[in-house]
Amino acid sequence: MTVTYSRRVADAGLGTFSHLLLRWRGSIYKLLYRELIIFTILYFGFSVLYRFLLDEGQRRLFEKLAIYCDKYANLIPLSFVLGFYVTLVVSRWWGQFESVPWPDRLGALVGGHVRGADESARLVRRTLMRYANLSGVLIYRSVSTAVYKRFPTMDHLVQAGLMTAEELRQLEDLPSPHNKFWVPCMWFVNLTMRARAEGRINNDVALTALLNELNTLRSQCMKLYSYDWISLPLVYTQVVTVAVYSFFLACLIGRQFLDPSQDYPGHDLDFYLPVFTLLQFFFYVGWLKVSLLSVDEMYDGVPLMERDKYW
Amino acid sequence: MTVTYSRRVADAGLGTFSHLLLRWRGSIYKLLYRELIIFTILYFGFSVLYRFLLDEGQRRLFEKLAIYCDKYANLIPLSFVLGFYVTLVVSRWWGQFESVPWPDRLGALVGGHVRGADESARLVRRTLMRYANLSGVLIYRSVSTAVYKRFPTMDHLVQAGLMTAEELRQLEDLPSPHNKFWVPCMWFVNLTMRARAEGRINNDVALTALLNELNTLRSQCMKLYSYDWISLPLVYTQVVTVAVYSFFLACLIGRQFLDPSQDYPGHDLDFYLPVFTLLQFFFYVGWLKVSLLSVDEMYDGVPLMERDKYW
Amino acid sequence: MTVTYSRRVADAGLGTFSHLLLRWRGSIYKLLYRELIIFTILYFGFSVLYRFLLDEGQRRLFEKLAIYCDKYANLIPLSFVLGFYVTLVVSRWWGQFESVPWPDRLGALVGGHVRGADESARLVRRTLMRYANLSGVLIYRSVSTAVYKRFPTMDHLVQAGLMTAEELRQLEDLPSPHNKFWVPCMWFVNLTMRARAEGRINNDVALTALLNELNTLRSQCMKLYSYDWISLPLVYTQVVTVAVYSFFLACLIGRQFLDPSQDYPGHDLDFYLPVFTLLQFFFYVGWLKVSLLSVDEMYDGVPLMERDKYW
Amino acid sequence: MTVTYSRRVADAGLGTFSHLLLRWRGSIYKLLYRELIIFTILYFGFSVLYRFLLDEGQRRLFEKLAIYCDKYANLIPLSFVLGFYVTLVVSRWWGQFESVPWPDRLGALVGGHVRGADESARLVRRTLMRYANLSGVLIYRSVSTAVYKRFPTMDHLVQAGLMTAEELRQLEDLPSPHNKFWVPCMWFVNLTMRARAEGRINNDVALTALLNELNTLRSQCMKLYSYDWISLPLVYTQVVTVAVYSFFLACLIGRQFLDPSQDYPGHDLDFYLPVFTLLQFFFYVGWLKVSLLSVDEMYDGVPLMERDKYW
Amino acid sequence: MTVTYSRRVADAGLGTFSHLLLRWRGSIYKLLYRELIIFTILYFGFSVLYRFLLDEGQRRLFEKLAIYCDKYANLIPLSFVLGFYVTLVVSRWWGQFESVPWPDRLGALVGGHVRGADESARLVRRTLMRYANLSGVLIYRSVSTAVYKRFPTMDHLVQAGLMTAEELRQLEDLPSPHNKFWVPCMWFVNLTMRARAEGRINNDVALTALLNELNTLRSQCMKLYSYDWISLPLVYTQVVTVAVYSFFLACLIGRQFLDPSQDYPGHDLDFYLPVFTLLQFFFYVGWLKVSLLSVDEMYDGVPLMERDKYW
């Protein structure tokens, strides 16, 4: 979904969009084609019903019903409800991205402050960063399907080298119904204190800077977790979905082309294909579905961990 | 209310919503069914009045009244007033959540900087964190019904082990009409200073980091308290409520199906059930009620404290 | 105005609002009743004029004028102008509240870092906090009527024990046309430096933390002062006020019930009381007045200082 | 423009606005009266043309044109374009104000940390603050006409005592096409280092706090400069200006009072003075001009420097 | 695009805009003239078809089609979709600008804390700043076409003196598919640690301040990179583009001047040139294109590096 396409937009030349508009991957067409097909089939179902199956009296009634639906469908405050919802969702989506706990700030400090070129110092540095990454991955597993698929069980974390078997045992021994991402953070704190005691970190300012940076990382984890934990109130999602779907249900009848010979105002022309209604469907349902998917956006935003290159 | 349902939205598949739309717990249907029933009953009351009880002349008058109501109800700036109010309320709701004073950042620092493996050092660490938690709970009690129910009196805090009887006595001896959440903070400061004097905290940088983190927690408490203390001006709530209710009062008459034989424009069809008006009621009143409930949202957002597991 | 009513909203039960809607204190009714009475009197004045005083020809002219006013009043972009203005004002109102310089963060640091149990150390601590409070009060006096009434002259500050006579003399000797809230801040800095020199503050980290926190307080003071100093451009207030008042002036004529026997479209019914116009007046003028009052909101947001309890 | 009037709004009494609405200084009337006169003259020009100069056939054509203009002028998305632009501009205006580099935080630290009562220590303190102020003034000169008028050349800065002739020479010797506000900042850094070496600043924590605060000031300068440097894309300004002006060009013809005897719908009355169109002009053009002036708002927000009082 | 024009707006005098409106560079005319020409040609193509090529029956059909298009084109929620999109894009644009990693804060600290007047100390200072700049340039190359053109290969960075051949070799030896902007940051950390060990940085507070500032720079780099990496979901761009283009396709037919003799309502006049439709095209397409270009805005926001002056 988060396909980078900005460079293509950048030119904004006359012919550029042809490519952009026709992209399939991560596009609105891919997202909507099933709904659009269903809507079209239903529309033509009603159309056939009206044109061929109903008798004269029923057709007059259907026409009145269509005009009624067309008029009152506008009572549904679609733009209002949808605009509010989409704005909310997009701001959450970006808020979520900004909460991703990048470990590199912490990495720079660990690299700088934990001194010593011997094997043991190196191990301390690696282990500290491993703990930081482990915290992040524990959070990612609970908010992202992609990461969850990569590490379906905690054992996969051990296999990937993100934690040792002993650490896993300790983690599982701790009774807690909540996400335990904070446990590796505590390990980090303890290891840092030991490194300070052993003189690998040789001053208290550095120690405090390290702990402070760790706490920043921890807050990011918490924030990311919160976005997943505290969803938008379900009612908003229900209101917006019911609004969109009931509007287009009303359109199925209300936007039928009525017999031009009956002289209903605005029904002079029989097109068979309701181009503008389909466009409207395309805009509103597309808008809604993107919002619902935005919750899911994060799932591709975090690259899969691979062992081979740097491990 | 804050039922996690994001994983279900995530797929956004074609059939996913059937489940989501039909959920009862925390849903808009549960929220609205009573109002909807009352509105429907009143609507049919007027309908019966118009159809069976009025005489010919009164019916003509009723019809004029209905058309008048239908036309002028649109003067009520519903979307405008409601949109403004809801945006405000939702941003406050999230702001409130972001002000929850999580004690874990402070916990990491206390765990790291207050050194010593003896019983007494352990007691200092526990007591420090107990003070931090106590501050939070004192705030939660005043903003959240759920927490208040768990700790209806200060004695319950003592029983739950969050404070000692002696501490409670000191707290109650202090004459102050305001929330005393800051008293445990001061105890925290004093205990930290003593730990520094005794060498349990062995440097001033760590001390300052601890006090700084405590102040952050205290600011969060204050902020959470402020959201409860400084409500949205009452007038906004009154304006929005009067707007919504007066709109639907007008609809009760204005949206009646009038006798098609009288040839009023837009009244060719007698449906008995005003589907679109009910939808509108559903959207607008639902929107309003969620906002009013959002103030209450926090009440479930803080898990109940239980003694058994970690105490 | 900032009457806490959130607990009442929280239930959001069916019958809850009856109480909320009927509150008088801090309510929209109290705010608007005079305007509403004036508007109604004027409306009926025009009504009497039209119905009884004008002759036949003049009535026809009045009717044309009414229809003209009714139609063109909608050209006034009321929601647009009002929505923009209200959003701006409300965000400033909350921004102002968030700028209130709470002295408690500083208090925790002063209590912690300035050591010593002797009378003189206690005096240093009290004096430091007195300076911090004095800075705040000097700002409050210039932005809040309530505080200004409590301390109409600088001598009242001396009487209330917030400053000494000697301090007042020094403050007044300093020639400056601007608010001198920063002078007690400088006193705070100087006293802190002396406390450091005398060893009451026994390390530089603590000293820097204290000065940093003082600067935070000072920035809050400045920010609060700025909101008062840099008002919203006067033009916005003028535009919005002219828009609202000219709209309702036009409504006085445009919304008159015209003689139904003249068959003007939409004028089939003579109600005497223009319910919906009054509602509209209620919503728009209410909205505007709340915004104008919001500037004043802060005035009750800061509790009055009282000497008796803690002094 | 930034005339303080909030205290007057605060009462929000019934009669308060009469004063506020009639203010001239910084008001919308002062801003608009020329445009309003021109618009009125042009309007009456067309009016005279239509009423007296055209023959019968031309008048019929003019009437059709007027109706066409009136109808299609609404295609211009005035509120949409203007609302977006004004919101953007106002948020930039406040952002700019919040970027003003107040030197007082730095002042408190310099006053506290640079110790010594001798002439030379005093000189160091004054010089440090002079450098901070100089940086600010160099920025103000490039963003504010008022400051630029006060200091049209760099020599005026020397005369005002903000920099020495020697410093000016050094500044001008430095080849750079960009604003050199950062040079006094570097001088500040160097002088601080020297003060540390000489022991006037007696610890490294204080030194770091000073440099940190200087960097904050510098970032504020940069931010203020950026708002001036990176304008809103010109296209937005062009779109909004063309939209407003083309709308009112169309109104010049479209809002003419047409001959009532021709029975055009909505043209029953001949008023000569198009009250509501003038109001609309007042609102929209006023709105636009305030936005354009907002860029200029800062120019009075910075008080002129005067030598006499504190120098 | 980011042409500074604020000083010209500032006066907001009556005649000022003539210049501003007529500017070509960075203007909306330059941006749109090709689209406008194409739209006009197509419009007149349909016009010629309707007026001269169709027979009587086809013209009646075309007229019905035009009325149909005109009516239903309004179903496309143009303002809604466009307003949402543009707001989003503009806030990202400014967010991007605020993420530009200015190296001057770091420069002040390096200049202050890395002491020594000898050649080698000077080299350390220069190298540190070179690393900071190198990090920035590596990011700029990946987000800005202008910088990329200046440094098409990494060798150009070596030639420009931003990195040595040896550094380039090390950078390229590091296997990573991602942007390596963080590598010079690590070099910076390592060199700082060495400078501390050698006593050039003579205390730990300064060291921590330096590393902290470096991390701030690094976060800015990351943020800038993120804006490029995580584009707005492609679907939004597609929806908004399809909405705008389909609207104007419908206008090509729907806004044709129909034969006045046919008495279609609102078609009394034949103008040939659809002024208001062209204005609408101008506003909406202009709005859209600016948004698409905004992504590109940054490209001129970073001045080209030149060797000659300070190197």
Side-chain angles (χ1 to χ4, degrees), chain A residues 31 34-35 38 61 64-65 67-69 71-73 75-77 80-81 83-84 88 145 175-178 182 185-186 189-190 192-193 204-205 207-208 211-212 214-215 218-219 222-223 226 228-239 241-243 245-246 250 289 292-293 295-296 299, chain B residues 1-7 9-12 14 17 20-21 23 26-29 31 78-79 82-83 86-87 90 97-98 102 104-105 107-109 111-113 115 202-206 208-209 213 266 268-269 271 275-277 279-280 282-284 286-287 289-290 293-294 297 301 309-310:
Chain A
L31 201 64
R34 274 166 311 187
E35 275 83 358
I38 292 173
L61 205 71
K64 279 182 185 170
L65 182 64
I67 288 167
Y68 175 79
C69 282
K71 188 181 161 200
Y72 282 96
L75 291 181
I76 298 173
F80 172 62
V81 165
F84 175 79
L88 221 64
T145 312
S176 164
H178 302 294
W182 52 274
C185 289
M186 282 318 293
V189 172
N190 293 337
T192 318
M193 298 319 291
D204 293 316
V205 180
L207 178 71
T208 301
L211 293 189
N212 195 42
L214 174 76
N215 264 343
R218 184 190 191 129
S219 296
M222 187 67 217
K223 237 170 147 182
S226 302
D228 196 63
W229 178 29
I230 307 294
S231 319
L232 271 182
L234 175 59
V235 273
Y236 286 132
T237 306
Q238 286 183 331
V239 160
T241 316
V242 170
Y245 283 95
S246 62
K289 293 212 67 175
L292 294 172
L293 269 170
V295 186
D296 193 36
Y299 293 9
Chain B
M1 188 101 171
T2 49
V3 184
T4 307
Y5 62 97
S6 55
R7 208 135 318 150
V9 180
D11 319 75
L14 203 59
F17 287 117
L20 206 65
L21 287 180
R23 270 188 89 146
S27 82
I28 190 149
Y29 316 117
L31 201 64
L78 211 57
S79 321
L82 205 49
V86 169
T87 306
V90 165
F97 177 74
E98 288 194 323
W102 303 108
D104 45 0
R105 285 177 62 105
L109 291 188
H113 286 312
R115 297 168 198 187
N202 69 0
N203 68 82
D204 294 316
V205 179
T208 301
E213 198 60 52
D268 313 314
L269 216 61
F271 252 163
V275 186
F276 292 104
T277 304
L279 276 173
Q280 227 181 355
F282 181 80
F283 299 135
Y284 282 122
W287 219 242
K289 292 212 66 175
V290 180
L293 268 170
S294 280
E297 197 74 349
K309 247 182 239 151
Y310 320 107

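Reminder, nothing fancy here: chain letters follow the sequence lines and each chain counts from 1.
Residues B:Phe283 and A:Ala243 share a closest heavy-atom pair of CZ-CA, 3.3 Å. Here the closest heavy-atom approach between residue A:Arg218 and residue B:Ala108 is recorded as NH1-CB, 3.6 Å. Heavy-atom minimum distance, A:Phe80 versus B:Ser79: CE1-O, 3.4 Å.
Rounded to the nearest 0.5 angstrom, B:Leu109 CG and A:Asn215 CG are separated by 5.0 Å. Between the CH2 atom in B:Trp102 and the NZ atom in A:Lys223 there is a gap of 13.5 Å [rounded to 0.5 Å].
The most heavy-atom pairs under 4.5 Å with chain A, out of B:Val86, B:Thr87, B:Leu279, come from B:Val86. Of the listed residues A:Thr208, A:Leu214, A:Leu211, the one with more heavy-atom pairs under 4.5 angstrom with chain B than any other is A:Thr208. Among the candidates A:Gly83, A:Cys185, A:Ser226, the residue making the largest number of heavy-atom pairs closer than 4.5 Å to chain B is A:Ser226. Chosen from B:Gly286, B:Gly112, B:Ala209, the residue pairing most often with chain A at heavy-atom distances under 4.5 Å is B:Gly112.
If you measure heavy-atom distances from A:Leu207 to chain B, the contacts under 4.5 Å come from the side chain alone. Contacts between B:Leu82 and chain A at a heavy-atom distance below 4.5 Å involve backbone atoms as well as side-chain atoms. In this structure, the portion of A:Lys71 lying under 4.5 Å from any heavy atom of chain B is its side chain and not its backbone. At a 4.5 Å heavy-atom cutoff, the contact between A:Leu88 and chain B is made by side-chain atoms alone. In this structure, the portion of A:Val189 lying under 4.5 Å from any heavy atom of chain B is its side chain and not its backbone.
Residues passing the salt bridge (Lys or Arg N to Asp or Glu O under 4.0 Å) test with B:Arg105, sequence neighbours excluded: B:Glu213.
The aromatic rings of A:Tyr72 and B:Phe276 sit parallel to each other, their planes meeting at less than 30°, with 60° as the upper class boundary.
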